[in-house]
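Data block below; observations after.
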Amino acid sequence: MSEQNQIPEIFLKPYDPSEHEKNIYKMWEDSGYFSPENLPGERTETFSIVMPPPNANASLHAGHALFVTVEDIMIRFQRMKGRKTVWFPGSDHAGFETQAVYEKHLQKQKRSRFDMTNEELRSEIWDFVQENKSLMEDQVRSLGASCDWTRELFTLDDRVIKIVHDTFKQLEEDELLYRGKRTVNWCPKHQTSFSNLEIEHEQRTSKFYYFQYGPFVIGTSRPETKFGDKYVVMHPDDERYAEYEHGQKIDLEWIHGPITATVIKDEAGDPEMGSGVMTITPWHSHIDFDIAKRHNLDFEQIIDWRGKLMSPAGEFEGMNITDAREAIVKKLDEKGLLVKVDDTYEHSVPCCYKCNKEIEPQIREQWFVKTKPLAEKAVAAVDDGNITFVTERDERVFRHWMEHIEDWPIARQIAWGIPIPAKVCTECGHGMVDLDDSITECTTCGGSVAQDPDTFDTWFSSGQWPLAVTDFPDGSDFTEFYPTSVMETGKDIIFFWVARMIMLGIYRTGQVPFEKVYLHGMVRDKKGVKMSKSKGNVIAPSEIQERFGTDALRMGLMVNNAPGSDMNLDPDKVNAYKKFANKIWNITRFVLDSTVNHDYTTAPEYSAVDQVLNSELEAVVKEITDLMEKDRFDLASEVVYHFVWDTFASKILEDSKVYINSEGGGTAQHARQRLLIAHLVTSLKILHPFMPFVTETIWQELPEEMKDQEILMVASWPSK
RNA sequence: GCGCGAUUAGCUCAGUUGGUAGAGCAGCUCCUUUACACGGAGAAGGCCGGGAGUUCAAGUCUCUCAUCGCGCACCA
């Protein structure tokens, strides 16, 4: 036996992922095949995915590992199928998220962002993000992502800002943008407003107070807002209060002495609730705001932006909300106005999703996007089949939200984001979009103007991400790859991101941004508990990769993980696929060992048994291909696993030993060798999207005669 | 309040159009036979949450009840 006919030495010891993964990735990246223009062969049909850009502020978590796995499987499959594939990577400045992370850093240094100018803060965060960005990119690489790094984009790159600014301007021209004094969800800690999506509702039991308010008894859970309450509201049909007229003035004794209250009859008053009578605080309540608008009532701010009581509170001015509450109740009690206290009142309280502190509704002049016209077109796109959802459930969820959508406040009072290109009149408050910094006086009143200090909601710019990465409107990628093929992301951001991309994509281009939506579920720990730092059950992908290898992690995340359903990441399961990687390794060793002298030039003469095995192989390939086409990677990966282990290794390989070991060779042995080679090559190919590293490592060691391409990543998907 | 999902082996979960119940882990009995002990052979384990219905046939479809979970909205 000559030297070059022996099997490669690396197969003499078990597969060690850490020895090969980095080199293999480098080979792929150096090959240029991540870029569509470099792919071998004639490719006409395109397949493109826009990567959900990971936050550039932290390490990857298990959710990232899942999306990289799913998208990489899609891309590798389509690449092998002969499509012109491109996967656009990116990184996200993640506005408020990143700023919140950075504020914690500042806190540790006993500093505060409120002592800094926006420019200083922005510059520090920029440096912080640049560091973490490359860390994040390396982790994406380590997961095997075959994305095109030459096309990488950061969400604060000029190209993105240009598109976002143009959209902003166009919305103004189309009268889909307005600046209005409206109730916003204000976080007193973070000093910014949020959209409804960014707040959480927490169930709490608190005290519900009943106070004598002239002839009425009013109920409230928030006595501290009641100083300015001079309107008393009831349902027009409430018989108990039929004697009172709408607009009637009533003199009564209140917190700071006698006041005159006005009766308002409004259908928002719920006769079933409390006494059926309430007073309203239009500045600090969505509902009250609406009532006040309907009846043209006065607005008065009671609580300041920091959550402290203001001058209407009299002697309570400057107190924070919780302290003031008890004090006010005490005073009303002393005045004999406290009727009773119900301390079993259950209600949900809006909280900041980040700090969990209570959200204080405030009126603030803000930019809003009118979303209804945009939403209608988005729903129409789904109706027309221009966008399909992989699961029906997601489509229903999407439709439901779209049909109940509200206008979108797009300004945030934070530094880390794209500044809003607008001027605001210092006298009348009028806002004007100003892309080229040319407006010097108010277009309404002629007053002086100032730069709007706010930045865009991250999701406003993220919503235009597919446009940015494809370089809308004139880029060649836009022409070639827009609409992209699939949007794959977490189901938790279907409203935040997916819905906004659809709306804004259609708005700017007239076309949907992607044809299909695949939403994955959440990754939880092995017991099914949501991972969180405070619970200490976070599983870092990098740790799993080190222990079991990236391929094993990918399989562990993929097998039996149905689209859209949550999954539990169990290290034991991942370990099973580590063993599987080694199994393939040893299958290869056996096949190479059994075919060292194989004559590739002679056509095999297959026996009847061989032919059955070959057709079974074809059938499995077909089954897997069909599942892949239907995005059922969870099932496809399981089928591959069982085919390779239970059929190929346990049966075919074992049965082959008698042929392989027989003396003298002959046509039966030759045919059997060819059959093993075909099975090996096909197995590596159909496994490649799921386990790219081990399959490519093996591929690089195979004799040239077995391969149709030097690199497995661009080899052709098996077919008849 | 509106909507959605789950309930299958001891544990964590699959089961694509209805056609003899599957995986990983744990556990049991053998096997250190030259591809692999990161292995092999074999066995065990499930009235597929309860009830009703459609069907020749239901884990799979319909209804209902129970328990758990999630989303959205509202809350004086």
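Quick caveat: nothing in here was measured; it's all calculated off a predicted structure. As a basis for the values below, the full set of heavy atoms in this structure was taken, side chains included, without hydrogen atoms, waters or symmetry mates.
Nearest-nucleotide positions on RNA chain B for A:Ile199 and A:Ala649 put A:Ala649 closer to the 5' end.
The side chain of A:Arg589 places no N or O atom within less than 4.0 Å of a non-bridging phosphate oxygen (OP1 or OP2) of B:U34. Under 4.0 angstrom from either OP1 or OP2 of B:G5 there lies at least one side-chain N or O belonging to A:Arg396. Neither OP1 nor OP2 of B:C36 sits under 4.0 Å from any side-chain N or O of A:Asn582. For A:Trp645 and B:C38, the shortest distance from a side-chain N or O to OP1 or OP2 is not below 4.0 Å.
For the pair A:Glu406 CD and B:A73 P, the computed distance is 7 Å after rounding to whole Å. Between A:Lys13 atom NZ and B:C38 atom C1' the separation is 15 Å, expressed in whole Å. Across the protein-nucleic acid pair, A:Ile494 atom CD1 and B:C4 atom C1' stand 12 Å apart, rounded to whole Å. Note: CD1 (A:Ile652) to C1' (B:A35) measures 15 Å, nearest angstrom. If you take CG of A:Leu676 and P of B:C36, they are 16 Å apart, rounded to a whole angstrom. A straight line from CE of A:Met402 to P of B:A73 spans 14 Å, rounded to a whole angstrom. A straight line from CZ of A:Arg393 to P of B:G69 spans 18 Å, rounded to a whole angstrom. Rounding to whole angstrom units, OH of residue A:Tyr353 and P of B:C70 are separated by 19 Å.
When heavy atoms are screened at a 4.0 angstrom cut-off, A:Asp270 is found touching base atoms of the nucleic acid. Counting non-hydrogen atoms under 4.0 angstrom, A:Asn568 reaches the backbone sugars and phosphates but no base. Counting non-hydrogen atoms under 4.0 angstrom, A:Lys657 reaches a base of the nucleic acid. At the heavy-atom level, A:Ser565 lies under 4.0 Å from the strands shown only through sugar-phosphate atoms. Within 4.0 Å (heavy atoms only), A:Ile218 reaches no atom of the nucleic acid at all. Nucleic acid contact for A:Ala268: base, since at least one base atom lies under 4.0 Å from a heavy atom of the residue. Contact annotation for A:Ile280: no contact, since no heavy-atom pair falls under 4.0 Å across all strands. Among the atoms of the strands shown, only primed sugar atoms or phosphate atoms (P, OP1, OP2) are found under 4.0 Å from some heavy atom of A:Tyr345. Using a 4.0 Å heavy-atom cutoff across all strands shown, A:Phe208 reaches sugar-phosphate atoms only and no base atom.
With distances taken from any side-chain atom of A:Leu627 to the nucleotides B:U16, B:C38, B:A73, the minimum falls on B:U16. Of the listed nucleotides (B:C72, B:C4, B:C13), B:C72 has the atom at the smallest distance from the side chain of A:His400. For A:Ala562, counting side-chain heavy atoms from C-beta on, the closest listed nucleotide (B:G15, B:A35, B:C74) is B:G15. Listed nucleotides: B:G5, B:C36, B:C74. Nearest to the side chain of A:His201: B:C74.
The gap from the P atom of B:U62 to that of B:U16 amounts to 14 Å, rounded to the nearest Å. Between the C1' atoms of B:A26 and B:G10, the separation comes to 8 Å (whole Å). Nucleotides B:U55 and B:U12 are separated by 38 Å at their P atoms, to the nearest Å. A gap of 15 Å separates the C1' atoms of B:G24 and B:C38, to the nearest Å. Separating the C1' atom of B:A14 from that of B:U60 is a span of 13 Å, rounded to the nearest Å. Here, B:G51 and B:U7 have their C1' atoms 15 Å apart, quoted to the whole Å. One C1' atom belongs to B:A6, the other to B:A44, and the distance between them is 29 Å to the nearest Å. Atom name P, nucleotides B:G59 and B:U54: the rounded distance is 16 Å, in whole Å.
Between A:His20 and A:Tyr15, a ring centre-to-centre spacing shorter than 6.0 Å is recorded. Ring centers of A:Tyr641 and A:Phe580: under 6.0 Å apart, within the cut-off. Taking the six-membered ring for Trp and the full ring otherwise, the centers of A:Phe289 and A:Phe299 sit less than 6.0 Å from each other. Side-chain rings of A:Phe77 and A:Phe633 stay apart, their centers remaining 6.0 Å or farther from each other.
A salt bridge between A:Lys230 and A:Asp298 is present, with a side-chain N of the basic residue lying under 4.0 Å from a carboxylate O of the acidic one.
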What does the list of N/O pairs under 3.5 Å between the protein and nucleotides 19-28 of chain B look like, with a distance for each?
{"from": "B:C25", "atom 1": "O2'", "to": "A:Asp572", "atom 2": "OD2", "distance (Å)": "3.3"}

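Rounded to the nearest 0.5 angstrom, A:Lys13 NZ and A:Trp585 CH2 are separated by 9.0 Å.
Side-chain contact check for A:Val620 versus A:His642: every heavy-atom pair is 4.5 Å or farther apart. For the pair A:Leu702 and A:Thr588, the minimum side-chain heavy-atom distance is below 4.5 Å. A heavy-atom distance below 4.5 Å is not found between the side chains of A:Phe389 and A:Lys516.
If you check the side chains of A:Thr550 and A:Glu21, you find a donor sitting under 3.5 Å from an acceptor. For A:Asn185 and A:Glu198, the side-chain atoms include no donor-acceptor pair closer than 3.5 Å.
A donor-acceptor contact under 3.5 angstrom links the side-chain atoms of A:Glu654 to the base of B:A35.
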Open item on the list: Wobble G-U and Watson-Crick pairs count when both distances are under 3.5 Å; given that, what is the 5' to 3' dot-bracket string of RNA chain B, with | for pairing to other strands?
Closed with: (((((((..((((.....[..))))..((((.......))))......(((((..]....))))))))))))....
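A:Phe548 does not carry A:Lys578 over the face of its six-membered ring by the limits of under 6.0 Å from the centre and within 45° of the normal.
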Could you tabulate the donor-acceptor pairs under 3.5 Å formed by side-chain atoms of residues 569-576 of chain A, not counting sequence neighbours?
{"from": "A:Asp570", "atom 1": "OD1", "to": "A:Asp572", "atom 2": "N", "distance (Å)": "3.0"}
{"from": "A:Lys573", "atom 1": "NZ", "to": "A:Gly556", "atom 2": "O", "distance (Å)": "3.3"}
{"from": "A:Lys573", "atom 1": "NZ", "to": "A:Val559", "atom 2": "O", "distance (Å)": "2.9"}

